[in-house]
Amino acid sequence: MLIGKKGFESVKLDDLIAHDYTKALYIIDKEEAEFNTIIKDIEKANTEGIQKGKEVQQAAVNYYSVMKDLFMFSRQEIEQEKLMRYSKSEKEIRSAQEKMLELGREKQKLYQKVFKADEKLFTIRRQFESENQLK
């Protein structure tokens with residue numbers, strides 16, 4: 001979905017290189033729909049009677065939700081990039097640049113959330129595999 005030559009991120013990058021912000025934002029909408037589908041599918045999975053099943057399910061939902069937040073964050077970055085490129089006044093450009101710096105700090109926090117969610121999912125998955133004799 002995200003990686004590869006025809007993955008959403010590659011297509012979005014090509015659109016950004018071409019300064020086609022409308023198409024790049026459209027790709028983010030498609031990514032969001034995919035993340036929503038993945039999250040709903042995980043939530044629908046029946047974990048009844050499976051040791052640590054509910055815990056793995058919740059950890060996976062949390063992980064994909066945080067990943068979604070990270071990928072959807074690029075909407076804000078694209079909007080600022082668009083302002084920097086097409087604004088006529090120096091004040092607007094400077095404001096957009098300052099906002100980009102702020103967004104960079106916020107994005108770093110999102111990466112930390114992803115790392116923590118990934119770590120938790122990994123730990124719970126190992127417990128799940130152990131308790132269900134899968135390894």
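A donor-acceptor pair under 3.5 Å is formed between the side chain of Thr37 and the backbone N or O of Ala33. Between the side chain of Thr47 and the main chain of Ile50, no donor-acceptor pair closer than 3.5 Å is present. For Asp15 (side chain) and Thr22 (main-chain N/O), no donor-acceptor pair under 3.5 Å exists by modelled atom type. Without hydrogens or angle criteria, Ser10 side chain to Lys6 main chain gives no donor-acceptor distance under 3.5 Å. Side chain of Glu32 to backbone of Lys68: no donor-acceptor contact under 3.5 angstrom is found. At distances below 3.5 Å, not a single donor-acceptor pair connects side-chain atoms of Glu77 with backbone N or O atoms of Met100. Proximity of a side-chain donor or acceptor of Asn46 to a complementary backbone N or O of Glu48 within less than 3.5 Å is detected.
Ile28 and Ser74 get closest at one heavy-atom pair: CD1-OG, 3.2 Å. Looking at every heavy atom in both residues, Leu121 comes nearest to Ala60 through CD1-N, 3.7 Å.
The aromatic rings of Phe71 and Phe35 sit tilted, their planes meeting at an angle between 30° and 60°.
Note: Glu34 CD to Asn36 CG = 9.5 Å, rounded to the nearest 0.5 Å. Rounded to the nearest 0.5 Å, atoms CD (Gln80) and CG (Leu101) are 10.5 Å apart. Ile38 CD1 to Tyr63 OH: the interatomic distance, rounded to the nearest 0.5 Å, is 10.0 Å. Atom CD of Glu43 is separated from atom CG of Asp41 by 9.5 Å, given to the nearest 0.5 angstrom. Separating the NZ atom in Lys52 from the CD atom in Gln127 is a distance of 4.5 Å, to the nearest 0.5 Å. Annotation: the span from Phe8 atom CZ to Glu31 atom CD amounts to 6.5 Å, rounded to 0.5 Å.
In this structure, Met72 is a member of the same hydrophobic cluster as Ile78, with clusters built from ILVMFWY side-chain heavy atoms closer than 4.5 Å. No continuous path of hydrophobic side-chain contacts links Val61 to Phe115 [ILVMFWY only; heavy atoms under 4.5 Å]. In the hydrophobic cluster analysis, where Ile, Leu, Val, Met, Phe, Trp and Tyr join through side-chain heavy atoms closer than 4.5 angstrom, Leu16 is grouped apart from Leu83.
Hydrophobic clustering, defined by side-chain heavy atoms of Ile, Leu, Val, Met, Phe, Trp and Tyr closer than 4.5 Å, groups Leu13 together with Ile17.
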Between Lys23 and Val11, is a side-chain contact (heavy atoms from CB on, under 4.5 Å) present by the stated rule, with each step listed? CA-CA 9 Å; Lys23 282 185 182 177; Val11 173; over 6 Å; no
Evaluate Lys54 against Gln57 for side-chain contact (heavy atoms from CB on, under 4.5 Å), listing each step before the verdict. CA-CA 5 Å; Lys54 195 69 174 164; Gln57 181 182 42; 3.2 Å; yes
Residue pair Arg105, Glu102: steps toward the side-chain contact (heavy atoms from CB on, under 4.5 Å) verdict: CA-CA 5 Å; Arg105 288 186 286 274; Glu102 182 183 320; 4.1 Å; yes
Given side-chain contact (heavy atoms from CB on, under 4.5 Å), test Glu55 with Phe128 step by step and report yes or no. CA-CA 8 Å; Glu55 291 88 344; Phe128 171 83; over 6 Å; no
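Counting heavy atoms of neighbouring residues, nucleotides and ligands inside a 6.0 Å radius, atom NZ of Lys107 exceeds 12 of them. Applying the 6.0 Å contact sphere to CZ of Phe122 captures no more than 12 heavy atoms from other residues, nucleotides or ligands. Within 6.0 Å of CZ in Arg125 there are 12 or fewer heavy atoms belonging to other residues, nucleotides or ligands.
In summary, of the residues considered (Lys99, Glu92, Gln97), a side-chain contact (heavy atoms from CB on, under 4.5 Å) with Met84 occurs for Gln97 alone.
Residues Glu79 and Leu25 meet the side-chain proximity criterion, which asks for heavy atoms closer than 4.5 Å.
In the model, Lys109 has no side-chain atom that pairs as donor or acceptor with a side-chain atom of Gln112 under 3.5 Å.
Classification of Lys12 and Glu9 as a salt-bridged pair holds, one side-chain N sitting under 4.0 Å from a carboxylate O.
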